[in-house]
Amino acid sequence: MREEQVLNHLKNACQGRAKAQYSAQIERTLHIGSKELQKAVNRLRRKGIPIASDKHGYYYAITASEVYTTIRQLKRMTEGLKAAISGLERSMDSFGPGGGAP
């Protein structure tokens with residue numbers, strides 16, 4: 001149900017980057033929380049719906065370029081998460097054999 005609401009809102013009010021809306025605005029309009037919006041956007045994207053985002057907010061992409069910009073942004077986020085995981089894995093070496101504090 002929420003996915004459908006989010007999709008309808010983005011398709012009707014936020015077509016293209018020029019009409020992007022900040023998440024807080026969408027949340028107020030649809031009476032949903034930030035986590036709920038993020039999950040709905042993620043599920044829609046997984047279904048192949050072209051929901052794009054940038055520093056101006058979420059929007060329904062109307063060009064391949066808009067989608068590609070979002071893909072690049074998501075890939076940068078993935079690289080950052082991988083680096084954080086790698087650092088944490090390296091930190092495990094500093095713990096003793098029993099797993100206690102270094």
Side-chain angles (χ1 to χ4, degrees):
M1 177 64 173
R2 290 293 187 190
E3 284 176 46
E4 199 172 303
Q5 271 187 301
V6 170
L7 177 58
N8 288 335
H9 177 74
L10 294 173
K11 271 185 150 178
N12 294 319
C14 308
Q15 283 219 3
R17 183 180 178 278
K19 294 185 178 180
Q21 287 186 359
Y22 291 114
S23 59
Q25 185 177 359
I26 297 169
E27 291 159 19
R28 279 192 307 273
T29 301
L30 300 179
H31 307 289
I32 61 175
S34 62
K35 291 291 182 192
E36 198 169 2
L37 176 60
Q38 290 171 1
K39 286 180 181 181
V41 167
N42 190 314
R43 286 191 298 265
L44 290 166
R45 287 173 171 170
R46 288 173 182 233
K47 291 178 179 180
I49 308 297
I51 306 302
S53 60
D54 64 14
K55 65 182 180 180
H56 302 287
Y58 290 112
Y59 56 97
Y60 189 88
I62 56 174
T63 68
S65 175
E66 291 174 342
V67 172
Y68 186 68
T69 298
T70 300
I71 290 169
R72 282 196 332 253
Q73 172 188 319
L74 291 171
K75 284 184 176 184
R76 280 192 302 272
M77 290 170 61
T78 300
E79 290 165 7
L81 288 171
K82 285 181 182 179
I85 290 167
S86 177
L88 286 170
E89 288 173 340
R90 286 192 313 276
S91 80
M92 297 292 288
D93 295 337
S94 66
F95 292 93

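Side-chain contact between K39 and E36: absent, with no pair of heavy atoms (C-beta onward) separated by less than 4.5 Å.
Separation of atoms OG1 (T29) and CG (L37) is listed at 10.5 Å; rounding is to 0.5 Å.
Grouping Ile, Leu, Val, Met, Phe, Trp and Tyr by side-chain contacts under 4.5 Å, direct or through others, leaves Y59 on its own. Other residues sharing the hydrophobic cluster of I62, ordered by chain and number and joined by side-chain separations under 4.5 Å: none, the residue standing alone.
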_Between K35 and Q38, is the side-chain contact (heavy atoms from CB on, under 4.5 Å) condition met? List the steps._
CA-CA 5 Å; K35 291 291 182 192; Q38 290 171 1; 3.8 Å; yes
*Could you walk me through whether M92 and L88 pass the side-chain contact (heavy atoms from CB on, under 4.5 Å) test, one step at a time?*
CA-CA 7 Å; M92 297 292 288; L88 286 170; over 6 Å; no
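In terms of the salt bridge (charged side-chain N to carboxylate O under 4.0 Å, His left out) criterion, residue partners of R43 (sequence neighbours excluded) are, by chain and number, E3. Not counting sequence neighbours, N8 has no partner by the side-chain hydrogen bond (donor to acceptor under 3.5 Å, both in side chains) test.
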Please set out all donor-acceptor pairs under 3.5 angstrom arising from side-chain atoms of residues 70-87, sequence neighbours excluded.
unit_1, atom_1, unit_2, atom_2, d
T70, OG1, S53, N, 3.1
T70, OG1, S53, O, 3.4
T70, OG1, E66, O, 3.3
T78, OG1, L74, O, 3.0
S86, OG, R90, NH1, 2.9

Using residues 17-27 as the side-chain source, report each donor-acceptor pair under 3.5 Å to any protein atom, sequence neighbours left out, with the distance given to one decimal.
unit_1, atom_1, unit_2, atom_2, d
R17, NE, D54, OD2, 2.7
R17, NH2, H56, NE2, 2.9
Q21, OE1, H9, NE2, 2.8

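Hydrophobic clustering, with ILVMFWY side chains joined whenever heavy atoms are under 4.5 angstrom apart, keeps V67 apart from Y60.
Put simply, the residue from I49, I51, L30 that forms a side chain to side chain contact (heavy atoms under 4.5 Å, CB included) with V6 is L30.
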